[in-house]
Participant: 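Handing you a structure now.
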Amino acid sequence: MDKEIVKRLVYSMVQFLQSQLESGANGGGLTEEGVESVEVAVQCLETAYGVSLAQNDLAVPKSLYQIFSEAVRGEMDTFSSSRAPQTESAPREASAEEKGEAEQLKNEGNQLMRDEKYTEALDCYTKAISKDCRNAVYYCNRAAAHSKLNNHKEAIDDCKRALEIEPQYSKAYGRMGLAFSSLNDHRKAKECYQKALELEPDNESYRGNLSIAEEKLRAEPQAPPNPFAGLGGLGSLAGLGGPGGPDLSNLLNNPALMNMATQLMSDPNMQNMMSSFMGGMGGGMPGGMPGGMPGGIPGAPQGVPPGPGAGAGAGAGAGAGAGAGAGGMEALLNAGRQLAEQMQNQNPELVEQIRRQMNRNAGGGADDPSGGNNQNPPQS
């Protein structure tokens, strides 16, 4: 350390402490004991470093307190600015030279697209964006290259960037519709084509792609009505899968099974049977079942156990007592069991097919990347 600087620093310290002594207990915040301690500290510093307040040549333009307070304020200002939220600045405007280079790269990319060199075209468009990131055409053209390479999500992202720059860019909506269609999201594809047509009503390509998206939406299978609505207590259909069999929620996704179940439930006798069993949830069961088959299902195989409360010969009182004693849940489960057994007897091949399908846990449909849509040529 520079001894001269150290002496001047100690002089400033002694100067500061002396000002505190002059304020004393009145304004310096010192007690009487504190004043004595500071006096001792001043004497020790003067003796140790060989300085005294009489040496005016050691004084500096600013007092130690001023120097320190300014340093503290500067530190706090720096801390505050570093903690302040940083706003993202808008991308700078490309220079004329950069715009010219970007346009040349775009034209090269367009030629590569015509030559079906999609990866090289993608690279050209990316380089063009690096030169001029505020040109919506470059993003839209890169989306076309992404679509050709089956990068449909990336194509959607590029179309969105293009629309942020140019919200009325119809071609960006059209290419985003193509990407959604390739992902089999025909509802969003339809919305994009509709927007593209609003901006460019005479474009037959958009009109044709919109018709295709609407046709695919109409062709999507509709969920069949659930014949078991309100029978949540069934949980699963007994007898279809045995122990560990398929859950009812999974079975309801099978159109063929639901069609068979719907036909069964449309049978008046079956409707009466289910109404009778559901009636047992609140009290006694009716003495017999419709169709002259007490406690059974019309057309059911031999050996199907009669429902609770069945058997007209047993008497209405006995039937009611059995239904109320056993509770409605047993009756409801028995209804599901008998319905499942009738389904299995009616179409055992379908039931076996469902078992195999659910064991494989198969899912998803065939992918149709083209979707019948025409790719517009890159923007020139």
Side-chain angles (χ1 to χ4, degrees), residues 81-183 185 188-210 213 367 369-371 373-380:
S81 63
S82 66
R83 294 291 299 273
Q86 300 295 319
T87 56
E88 185 178 352
S89 58
R92 68 175 182 85
E93 180 75 23
S95 66
E97 182 181 355
E98 288 173 325
K99 288 183 178 181
E101 292 174 356
E103 192 67 15
Q104 183 177 352
L105 285 164
K106 182 209 72 172
N107 293 335
E108 291 176 12
N110 290 355
Q111 183 58 51
L112 289 166
M113 288 288 288
R114 287 188 284 269
D115 296 339
E116 299 184 358
K117 297 179 180 179
Y118 305 123
T119 302
E120 292 87 342
L122 182 71
D123 185 55
C124 279
Y125 295 137
T126 300
K127 289 178 180 177
I129 291 170
S130 70
K131 299 286 184 181
D132 183 7
C133 63
R134 298 176 67 177
N135 192 314
V137 172
Y138 303 155
Y139 289 105
C140 193
N141 283 13
R142 191 170 68 172
H146 273 308
S147 289
K148 288 295 186 180
L149 293 169
N150 291 324
N151 302 331
H152 303 302
K153 291 183 179 179
E154 288 82 355
I156 292 170
D157 290 340
D158 270 350
C159 289
K160 289 180 178 179
R161 290 192 187 100
L163 289 167
E164 287 175 2
I165 299 169
E166 191 175 332
Q168 305 301 311
Y169 195 3
S170 61
K171 186 166 287 188
Y173 279 111
R175 285 184 176 153
M176 186 157 55
L178 173 69
F180 277 124
S181 180
S182 298
L183 293 171
D185 193 340
K188 288 185 179 178
K190 175 186 173 182
E191 293 172 0
C192 289
Y193 290 135
Q194 285 175 331
K195 186 63 177 178
L197 265 179
E198 288 177 14
L199 297 170
E200 199 174 339
D202 297 330
N203 190 307
E204 292 301 323
S205 177
Y206 298 155
R207 195 178 306 279
N209 287 343
L210 175 60
D367 201 11
S370 67
N373 294 318
N374 298 320
Q375 172 65 54
N376 294 321
Q379 176 96 15
S380 58

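Side chains are part of it too, since the values below use all heavy atoms of this structure and drop only hydrogens, waters and symmetry mates. For clarity, every value in this text was computed on a predicted model and none was experimentally measured.
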Participant: Do you know the tightest heavy-atom contact between Ser147 and Ala179?
Facilitator: OG-CB, 4.5 Å
Participant: What distance separates Arg207 CZ from Asp202 CG, expressed to the nearest 0.5 Å?
Facilitator: 7.5 Å
Participant: Taking Tyr206 for the side chain and Gly174 for the main chain, is one N or O donor matched with an acceptor at less than 3.5 Å?
Facilitator: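 A pair under 3.5 Å: no.
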Participant: Can we say Lys195 and Glu198 salt-bridge, meaning some charged N sits less than 4.0 Å from an Asp/Glu carboxylate O?
Facilitator: yes
Participant: Ignoring hydrogens and angles, tell me if any N or O in the side chain of Arg175 forms a donor-acceptor pair with the backbone of Cys159 under 3.5 Å.
Facilitator: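 Side chain of Arg175 to backbone of Cys159: no pair is present.
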Participant: Is a side-chain donor or acceptor of Asp115 paired with a backbone partner of Lys117 at a separation under 3.5 angstrom?
Facilitator: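 No; zero donor-acceptor contacts below 3.5 Å.
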Participant: Using a 3.5 Å distance criterion without hydrogens, assess whether the side chain of Arg142 forms a donor-acceptor pair with backbone atoms of Cys124.
Facilitator: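 The answer is no, because no donor-acceptor pair under 3.5 Å joins these two groups.
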Participant: Under 4.0 Å between a Lys/Arg side-chain N and an Asp/Glu carboxylate O for Glu93 and Lys99?
Facilitator: yes
Participant: Tyr173 and Cys192: which non-hydrogen atoms are nearest, and at how many Å?
Facilitator: O-CB, 3.4 Å
Participant: What closest approach, in Å, do Leu197 and Leu210 show between heavy atoms, and which atom pair accounts for it?
Facilitator: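 Scanning both residues completely, I find the closest heavy atoms to be CD1-CD2, 3.7 Å.
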Participant: List the atom of Ala172, the atom of Ala162, and the distance in Å for their closest heavy-atom pair.
Facilitator: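 Shortest heavy-atom contact: CB-CB, 4.2 Å.
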Participant: Nearest heavy-atom pair of Ala128 and Lys106: which atoms, and what distance?
Facilitator: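 The answer is CB-N, 4.3 Å.
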Participant: Taking everything shown except Gln111 itself, do over 12 heavy atoms lie less than 6.0 Å from its CD?
Facilitator: yes
Participant: If only atom types and distance count, is the side chain of Tyr193 paired as donor or acceptor with the main-chain N or O of Leu178 below 3.5 Å?
Facilitator: yes
Participant: Would you please test Asp157 and Lys153 for salt bridge (charged side-chain N to carboxylate O under 4.0 Å, His left out) and show each step?
Facilitator: CA-CA 6 Å; Asp157 290 340; Lys153 291 183 179 179; over 6 Å; no
Participant: How close do Tyr125 and Asn141 get, heavy atom to heavy atom, and via which atoms?
Facilitator: CE1-O, 3.4 Å
Participant: Can you tell me if Tyr138 and Glu103 form a side-chain donor-acceptor pair at under 3.5 Å?
Facilitator: yes
